[in-house]
Asker: 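Starting off with a structure, shown below.
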Amino acid sequence: MSRQRPFTAALAALGALVALVFLLFPLYAVIVGSFENNNQLLGTHYNFLPPTPSFANYSAVISTQGGHIVSTLIIGLFTALLVLVIALPAAHALARYRFRVTAMLVGGLLIAQILPAIVIANSLFLIYHKLHLLNTYPGLILADASYGVPFSILVLRAFMLGLPNDVLQAARVDGASEWKTFVRIVLPMSRSAVITIAVFAFLNGWGDFIFALTLLSGSSFEPITLSIYSYIGEFTSNIGEALALCVIGILPAAMLLIAAQRYIAAGLTVGSVKG
Amino acid sequence: MANTAVPARRAPTRRSSRPGRAVTEVSRASAWTRWARMVFLVPAVLYVVFAFLIPIVYNLILSFEQTSPATISSLFAPWAGIANYKGALVQAVTQSAIIRTFTFTFLSLLFQFVIGFGLALLFNLRFPLRRVARSLIIIPWLLPLLITGFIFKFLFQTEAGAVNQILADVHLVSHPIGFLTTPGWAYLTVLIANIWIGIPFFTVLLYSALQDVPLELKEAAMLDGANAWHRLFRVTLPVIRPVIEVVFVLGFVFTIKVFDVVIGLTQGGPANSTQLLAPWAYNLSFQQFDYGQGAALNTILLLIALLAAPVYIWLNRESLRRA
């Protein structure tokens, strides 16, 4: 590696630049578009920069969609919370103790991870109809957690298997209960893995469309994915507002990538993350 | 990683004929402790039953029932045998959706791998700002999928779309292409959007695999006079093969159930030319209100996804062995 020539480095940098231009152009175009008005957006020439930049689309979207943005935030945060509450103790037990059913449970989680969400959504719609969970936050959040629960338990368990055993033994010798060992020792030591799964569970809830589409209809609240879906029907009339809402929808992912890059790269590397 | 249990396995055990630290722990634990430990698993087990087991079983039952909007309120509907499967499969749209799902998955994975591997090799070289570039490239993977679909719809519109306008500006086309209004182009556009989403996943995983290829191996090959091409095929690829397998299995699982992107871009049209299994199953259930046929198609989708299960479990055998 140290023998690499400057020429190679320049060529590689150029290649990376070209790749990034192609890969990030869609995002660039949406951001530029969100600052244009409808006439400019529907014109016949492409503007690489907004001719008359304005925040009009954003102020319009905040006033009409502000409530939906808050709803989406609530859904994302509670999805993350629910995933943590379910996954943390389970991962701890599966890593630390040996049960007769451990292999079966881990195998079951691996299979749960590959089940298509649309299959679950179809059934949940009919089940929720009977349980009166349609159009409710708890119903939607319970469904959204399905993206993250199997992945989170598997990732956390793998991480916890790597924790030094002697520290946990010492706690046990000191007479700490199972619960205390878990809360005082295992949780703090697993901090980075916990952040990784929380970030992904939040993004799963924030970006979910399948469950919102099937489990909400005419409800008092809706996530922004549903709002964007309804913009598709009237595509040309409010395109600027729709683009501003898209940018807002992209924001958490971008911000989390900057703030928690290492955790996101770790989550990606460990395995499958998407619903 | 797996070394916590290995030394204990080798050490001579006097009392128990079965080796391993964990086993002795079980035998030492009192009945009370064992129950206390089980409590940790209760929320997860309940959740898996609620969110996975019951819906899957219920879907299977539904697929054999004669459903209608009137049967929504009752838990079960009259038995229909395999009528739903027949009804769904005789439709030309279903048949083409099944075939299209496979070609779509194959082409997606092919291009995601080629582009992702190329980028991984690129990032494996040293150049200025490569860290920044590497993290920027992750963004497409993190976006809400429906938003990605919408963004591509915006870019690929006929008259006002950026792609057509830029192609016209550089005189590559004289008339705007109907990317979303002509069947062949629409399929290609959905495919491009889906490839775009998956590139980061392939790049990041393959890049981290390349990082683990021992430098001495490459140097030894270089001393033996192997050229770059040989080193790639004889050294690098064989070493990272396990990761390639995982990436393809997971890529298959992600792609087979593509839904949001299709809905955001084309909703399966024009003339069902971009209809894939998941959106078509949704269409049957929620737009034609034929929950039985929708469930039948979902069962087929489920079986296709489960094709990956044995391979996926085998690739994760290490984590099962530690159970």
Side-chain angles (χ1 to χ4, degrees), chain A residues 4 8-9 12-13 15-16 19-20 23-24 26 29-30 41-42 45-46 86 89-90 92-93 97-98 102-103 106-107 110-112 114-116 118-120 122-124 127 129-130 146 149 153 158 161-162 165 178 203 207 209-210 225 228-229 246 249-250 253 257 261 264 268-269 272 274, chain B residues 1 4 22 26 36-37 40-41 43-44 47-48 51-52 55 58-59 72 119 122 125-128 133 135-139 142-144 146-147 150-151 155 160 162 165-166 204-205 208 250 253-254 257 259-260 278 281-282 285 294-295 298 301-302 305 308-309 312-313 316 319-320 322-323:
Chain A
Q4 192 179 304
T8 318
L20 279 179
L23 284 171
L24 298 183
V30 171
L41 282 165
L42 298 174
H45 273 282
Y46 186 66
I86 294 169
H92 169 64
Y97 316 126
R98 184 174 179 148
T102 303
V106 173
L110 287 169
I111 289 177
I114 61 181
L115 300 177
I118 189 70
V119 180
I120 294 163
N122 193 26
S123 292
L124 277 187
I127 294 170
H129 187 85
K130 283 130 209 163
S146 68
V149 164
I153 299 177
L161 280 170
N165 207 35
E178 307 288 339
L203 289 177
F209 172 63
I210 293 184
T225 47
I228 290 168
Y229 177 61
C246 282
I250 292 168
L257 188 63
Q261 190 200 326
I264 285 177
L268 250 173
T269 318
S272 75
K274 283 256 153 149
Chain B
M1 285 277 269
T4 45
V26 167
R37 287 169 179 178
F40 283 94
L41 290 177
Y47 185 78
V48 168
F52 296 104
Y58 191 56
N59 182 73
I72 286 188
L119 288 173
L122 190 69
L125 300 169
R126 287 188 184 173
F127 58 87
S135 64
L136 280 175
I137 218 167
I138 298 177
I139 294 180
L142 300 175
L143 305 188
L146 181 82
I147 293 186
F150 189 89
I151 292 174
L155 291 174
Q165 292 179 346
I166 292 172
V204 171
L205 260 79
S208 74
L250 290 175
V253 170
F254 295 148
K257 60 186 176 190
F259 178 80
D260 307 40
Y282 168 79
S285 286
N298 270 323
L301 174 62
L302 186 71
Y312 189 45
I313 288 177
N316 279 284
S319 91
L320 280 170
R322 274 185 285 171

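Here the structure is a predicted model, which means the values were calculated and not measured. Protein chains get the first letters and strands the later ones, always in sequence-line order, with residue 1 at the start of each.
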Asker: Which atom pair, heavy atoms only, marks the closest approach of B:Y47 to A:S146?
Answerer: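 Looking at all heavy atoms of both residues, the closest pair is OH-N, 2.8 Å.
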Asker: Measure the CG-CG distance between A:L115 and B:N298 for me, rounded to the nearest 0.5 Å.
Answerer: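 A:L115 CG to B:N298 CG: 11.5 Å, rounded to 0.5 Å.
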Asker: Please report the closest heavy-atom contact between A:H45 and B:Q165, naming both atoms and the distance.
Answerer: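 Smallest heavy-atom distance, with atoms named: C-OE1, 3.2 Å.
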Asker: Which one, B:A162, B:P43, B:A295, B:A281, leads in non-hydrogen pairs under 4.5 Å with chain A?
Answerer: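 Option with the top pair count is B:A162.
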Asker: Are side-chain heavy atoms of A:T225 and B:D260 found at a separation under 4.5 Å?
Answerer: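 In short, these two side chains do not touch, never coming nearer than 4.5 Å.
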Asker: Can you find a pair of side-chain heavy atoms, one from B:I313 and one from A:I111, that are under 4.5 Å apart?
Answerer: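 A side-chain contact under 4.5 Å exists here.
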Asker: Give the minimum heavy-atom separation between B:F127 and A:A9, together with the two atoms involved.
Answerer: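 Heavy atoms of B:F127 and A:A9 come nearest at CB-O, 3.4 Å.
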Asker: Does any backbone or side-chain atom of B:L136 lie under 4.5 Å from a heavy atom of chain A? Answer side chain, backbone, both or neither.
Answerer: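 Backbone plus side chain of B:L136, per the 4.5 Å heavy-atom cut-off to chain A.
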Asker: Using a cut-off of under 4.5 Å on heavy-atom pairs, state which of B:I166, B:I139, B:L119, B:I137 scores highest against chain A.
Answerer: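 Most heavy-atom pairs under 4.5 Å with chain A: B:I166.
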Asker: Within this structure, what is the CG-CD1 distance for the pair B:L302 and A:I114, rounded to the nearest 0.5 Å?
Answerer: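 The distance works out to 9.0 Å.
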Asker: What are the two closest heavy atoms between B:P55 and A:L124, and how far apart are they?
Answerer: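 In terms of heavy atoms, the two residues are closest at CG-CD2, 4.0 Å.
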Asker: Taking all non-hydrogen atoms of both residues, which atom of A:A93 and which atom of B:R37 are closest, and how far apart?
Answerer: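 It is CB-O, 4.1 Å.
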Asker: To the nearest 0.5 angstrom, please state how far the CG atom of B:L301 sits from the CD1 atom of A:I118.
Answerer: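 Taking CG in B:L301 and CD1 in A:I118, the distance rounds to 8.5 Å.
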Asker: Does any heavy atom of chain A fall under 4.5 Å from the side chain of B:Y58, the backbone, both, or neither of them?
Answerer: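 Looking at B:Y58, backbone and side chain both touch chain A.
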Asker: For A:V149, which atoms come within 4.5 Å of any heavy atom of chain B: side chain, backbone, both, or neither?
Answerer: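 Just its side chain gets close to chain B.
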Asker: Side chain, backbone, both or neither: which part of A:L42 has a heavy atom under 4.5 Å from chain B?
Answerer: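 Both parts, backbone and side chain.
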Asker: Specify the closest pair of heavy atoms between A:A112 and B:F52, including all atoms of both residues, with the distance to one decimal.
Answerer: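 Nearest heavy atoms, A:A112 then B:F52: O-CE2, 3.7 Å.
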Asker: Do A:I250 and B:I151 touch side chain to side chain, with heavy atoms closer than 4.5 Å?
Answerer: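 Yes, close enough: below the 4.5 Å cut-off.
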